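A short worksheet on the structure shown next.
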Amino acid sequence: MENLCEIDYINKKMAKELDKIYSVVSNVFKNDVSSGESLCPCMPSLKGRLAIDTTPKYWSDIRKEDFSIHLKNGHFWQTQCRARQHLAIIIPFRDRESHLKIFLNHIHPILQRQLHNYGIYVVEQANNDEFNRGALINIGYLEAIKDHSDYSCVIFHDVDMLPEDDRNLYNCLDHPKHLTVLINKSNYRLYYRTYFGGAGAIKSDVFEEINGMSNSFYGWGGEDDDLYNRLKSHGYKILRSSKVSRYTMLNHTEADAAPSRFNLLRMGTRRSKYDGLNSLRYKLLSTKRDKLYTKFRVTFKKSNIRRTIRYKRKSQKKNKPQKAKTFK
Ligand code: BGC
């Protein structure tokens, strides 16, 4: 039944037909309806193009908004109907509090209108090394599934990307979906054919199958290209629904691109077996439970990640999957 929703939202006619069929079918097969609620429609009532509010916000004002009423620890359970998917939204983070406020104020109402169950996890890098977006997303995923083991869909999301249209559905399909296709900064053109940065949706089992993201990319660039390559090498296509996938990027100072990314990318798919979820070594310093989000403050050591990779390379013969470890 889930697959019935695997249509582009802009095929409105088809979506409406599917919803009609679905409501008939779900009445016949009552086992698809839990605790008396019927499954949410494929096509919820949405607004379309949205106004983008980038003015600075106060936490106290955001908490007073209607969308905050039913939030707990950044988690929302749909009450109108049974949500089709449970989304773990993972935001790699450091020093961007003003962006986080604008982002949360914008994204919560969209996710609620789209009728999802979801949790928002901010994963803050506490160590002073260059930013490691891949490792933060991996840690966010592992900690999120400790929180709720039934997350079916992982959405990685940069904190500075604001969707301009709520018909851009935040859900997971059988193949990974790129969300941030057209960005104001690139004059609403796709950066390049294989671009998979910004935000994307990957089924949890697919994310595990590809061993998550690489932990080796420190500094700006490359980790999203590596993720694209991992997915392709496992036979996945990247889906895009370009007409509605429009984003405003918040202004920020751009980091220098890391020169090491080209070498890492070259060996990426070969390294993917032992560089990812199974090689993470990190320490969870604190967990902050806020109404609007859950924040994990984490640290990891550069040398540890590299050493783990060298070790794995030597012991490649052992193909038993390893669990992520935290270090003391
Ligand atoms: C980098 C990516 C980045 C993209 C768009 C590429 O050169 O490797 O990480 O997302 O540019 O800025």
Side-chain angles (χ1 to χ4, degrees), residues 87-94 121-125 127 129-146 151 153-159 161 172 175-180 191 194-238 255 257-258 260-282 284 296 298-302 304-306 308-309 312-313 321-326:
L87 319 178
I89 317 272
I90 296 167
I91 304 162
F93 181 85
R94 186 161 69 183
Y121 298 93
V122 177
V123 194
E124 182 176 35
Q125 181 170 335
N127 51 305
D129 293 317
E130 303 97 306
F131 196 60
N132 189 329
R133 185 170 172 269
L136 291 170
I137 291 172
N138 285 342
I139 296 171
Y141 174 72
L142 293 175
E143 291 299 324
I145 56 170
K146 280 188 206 160
Y151 279 123
C153 177
V154 193
I155 302 214
F156 59 86
H157 211 302
D158 286 353
V159 71
M161 292 285 197
C172 277
H175 288 267
K177 178 153 87 165
H178 187 211
L179 294 166
T180 45
Y191 276 116
T194 59
Y195 174 58
F196 196 45
I202 307 179
K203 277 193 167 172
S204 306
D205 49 3
V206 174
F207 195 67
E208 291 195 12
E209 181 194 338
I210 62 163
N211 196 18
M213 294 182 70
S214 165
N215 303 311
S216 307
F217 288 79
Y218 279 84
W220 185 91
E223 80 298 334
D224 46 0
D225 304 311
D226 188 80
L227 176 60
Y228 179 93
N229 294 341
R230 274 183 190 215
L231 289 163
K232 290 302 264 189
S233 71
H234 281 78
Y236 292 102
K237 290 185 284 197
I238 305 299
S260 58
R261 70 191 193 285
F262 298 112
N263 272 339
L264 287 166
L265 270 173
R266 216 163 289 137
M267 302 293 285
T269 45
R270 257 187 275 170
R271 230 187 27 250
S272 65
K273 260 193 235 148
Y274 48 85
D275 173 15
L277 290 173
N278 66 1
S279 64
L280 260 178
R281 291 172 70 84
Y282 65 97
L284 177 61
F296 301 123
V298 301
T299 186
F300 40 86
K301 288 182 190 161
K302 212 171 193 173
N304 261 355
I305 289 178
R306 294 235 164 106
T308 313
I309 292 167
K312 297 273 178 197
R313 201 176 285 155
Q322 302 252 326
K323 286 237 167 78
K325 293 176 186 131
T326 52

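Computed from a predicted structure; not experimentally measured.
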Practice task
Report the C-alpha separation of Leu179 and Phe156 in whole Å, then their side-chain angles, then the decisive distance to 0.1 Å, and conclude whether the side chain to side chain contact (heavy atoms under 4.5 Å, CB included) test is met.
Solution key: CA-CA 10 Å; Leu179 294 166; Phe156 59 86; over 6 Å; no
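One distance of note links CD1 of Ile238 with NZ of Lys177; it measures 12.5 Å at 0.5 Å rounding. Annotation: the span from Thr269 atom OG1 to Leu231 atom CG amounts to 12.0 Å, rounded to 0.5 Å. Going from atom CD1 of Ile137 over to atom CG of Leu142 covers 12.5 Å, rounded to the nearest 0.5 Å. Of the inter-residue distances, the one linking Leu87 atom CG with Ser204 atom OG reads 9.5 Å to the nearest 0.5 angstrom. In this structure, Asn215 CG and Arg281 CZ are separated by 12.0 Å, a value rounded to the nearest 0.5 Å. Atom OG in Ser233 sits 8.0 Å away from atom CD1 in Ile210 (nearest 0.5 Å).
Gly198 approaches Thr180 most closely through the heavy-atom pair CA-OG1, 3.4 Å. Ser216 and Leu264 make their closest contact through O-CD1, 3.4 Å (heavy atoms, listed as atom of the first residue, atom of the second, distance). In terms of heavy atoms, Lys203 sits closest to Cys172 at N-SG, 3.5 Å. Between Leu227 and Gly212, the shortest heavy-atom distance links the atoms CD1-O, 4.4 Å. Minimum interatomic distance between Glu223 and Phe217 (heavy atoms only, all atoms of both residues): N-CD2, 3.6 Å. The two residues Phe93 and Leu136 have their closest heavy-atom pair at N-CD1, 4.0 Å.
Looking only at distances, no side-chain donor or acceptor of Asn127 sits under 3.5 Å from a matching main-chain atom of Thr299. The main-chain N or O of Asp224 is never found under 3.5 Å from a side-chain atom of Arg133 such that the two would form a donor-acceptor pair. With Asn211 contributing its side chain and Leu277 its backbone, the two residues share a donor-acceptor pair below 3.5 Å. Without hydrogens or angle criteria, Asp275 side chain to Ser214 main chain gives no donor-acceptor distance under 3.5 Å. Between the side chain of Thr194 and the backbone N or O of Asp225 there is no donor-acceptor pair closer than 3.5 Å. Formation of a donor-acceptor pair under 3.5 Å by the Asn278 side chain with backbone atoms of Lys273 is found in this model. A donor-acceptor pair under 3.5 Å is formed between the side chain of Gln125 and the backbone N or O of Glu130.
For Arg266, the side chain to side chain donor-acceptor pair (under 3.5 Å) criterion is met by Asn263, not counting sequence neighbours. In this structure, Asn229 has no side chain to side chain donor-acceptor pair (under 3.5 Å) partners at least two apart in sequence or on a different chain. Residues satisfying the side chain to side chain donor-acceptor pair (under 3.5 Å) criterion with Arg230, sequence neighbours excluded, are Asp226. With sequence neighbours excluded, the residues that form a side chain to side chain contact (heavy atoms under 4.5 Å, CB included) with Ala258 are Ser260. Partners of Glu208 under the side chain to side chain donor-acceptor pair (under 3.5 Å) rule, at least two apart in sequence or in another chain, are Tyr141. In this structure, the side chain to side chain contact (heavy atoms under 4.5 Å, CB included) partners of Ala257, at least two apart in sequence or on a different chain, are Trp220, Arg261.
Using bins of under 30°, 30° to 60° and over 60° for the plane-to-plane angle, the ring pair Phe296/Tyr121 lands in the parallel bin.
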